Amino acid sequence: MCMGTPMQVVSPGWFSARCRDRDGSLVDIDTRLLGEVATGQWLLVFTGAARELLDDARAADILAAIAALEAALAGNYQPEQHFADLYHREPQLPPHLQALLTPDTPSS
């Protein structure tokens with residue numbers, strides 16, 4: 001399995017960019033699948049290649065999920081801390097599935 005990680009562009013180049021990894025190290029990333037990228041943009045990177053541009057909020061969500069996974073693997077997982085936005089609410093269907101509900105269909 002391959003897991004994508006967000007990286008922020010520090011200096012764009014020709015078909016590549018120097019990016020800051022989540023641990024702070026600088027990594028050269030292949031950007032040919034995305035085209036031109038700009039300093040400060042977030043990229044979703046899989047095995048050294050950028051596959052998707054991310055906005056700041058999406059990058060933060062992914063980084064928080066990776067931190068939660070690392071905490072769980074270390075035995076320090078606290079759901080109320082790592083997923084505070086989900087901890088005190090019931091699961092909800094996404095809008096495209098809510099639209100399919102009929103009046104007699106349960107919503108959860």
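Please read all numbers here as calculations on a predicted model, not as lab measurements.
- Looking at every heavy atom in both residues, A17 comes nearest to P12 through CB-CA, 4.0 Å.
- The shortest non-hydrogen separation linking P6 to A59 is CG-O, 3.8 Å.
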Acceptor/donor pairs from residues 35-54 side chains to any protein atom, 3.5 angstrom cut, sequence neighbours excluded:
from, atom 1, to, atom 2, distance (Å)
Q41, OE1, A38, N, 2.7
W42, NE1, D56, OD1, 3.3

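- Proximity of a side-chain donor or acceptor of Q98 to a complementary backbone N or O of L93 within less than 3.5 Å is detected.
- At a threshold of 4.5 Å between non-hydrogen side-chain atoms, the residues S11 and L26 do not count as touching.
- Between T31 and S16, the shortest heavy-atom contact is OG1-N, 3.1 Å.
- Linking ILVMFWY residues whenever their side-chain heavy atoms come closer than 4.5 Å, directly or via other members, leaves I66 and M7 in distinct clusters.
- For E80, the CD atom is densely surrounded, since the number of other residues' heavy atoms within 6.0 Å is greater than 12.
- Under the 4.5 Å side-chain heavy-atom criterion for ILVMFWY residues, a single connected hydrophobic cluster contains both L34 and V27.
- Surrounding CZ of R89 are more than 12 heavy atoms belonging to other residues, nucleotides or ligands, all under 6.0 Å away.
- A single hydrophobic cluster is seen to contain both L63 and M3, as judged by linkage of ILVMFWY side chains at heavy-atom distances under 4.5 Å, directly or through other members.
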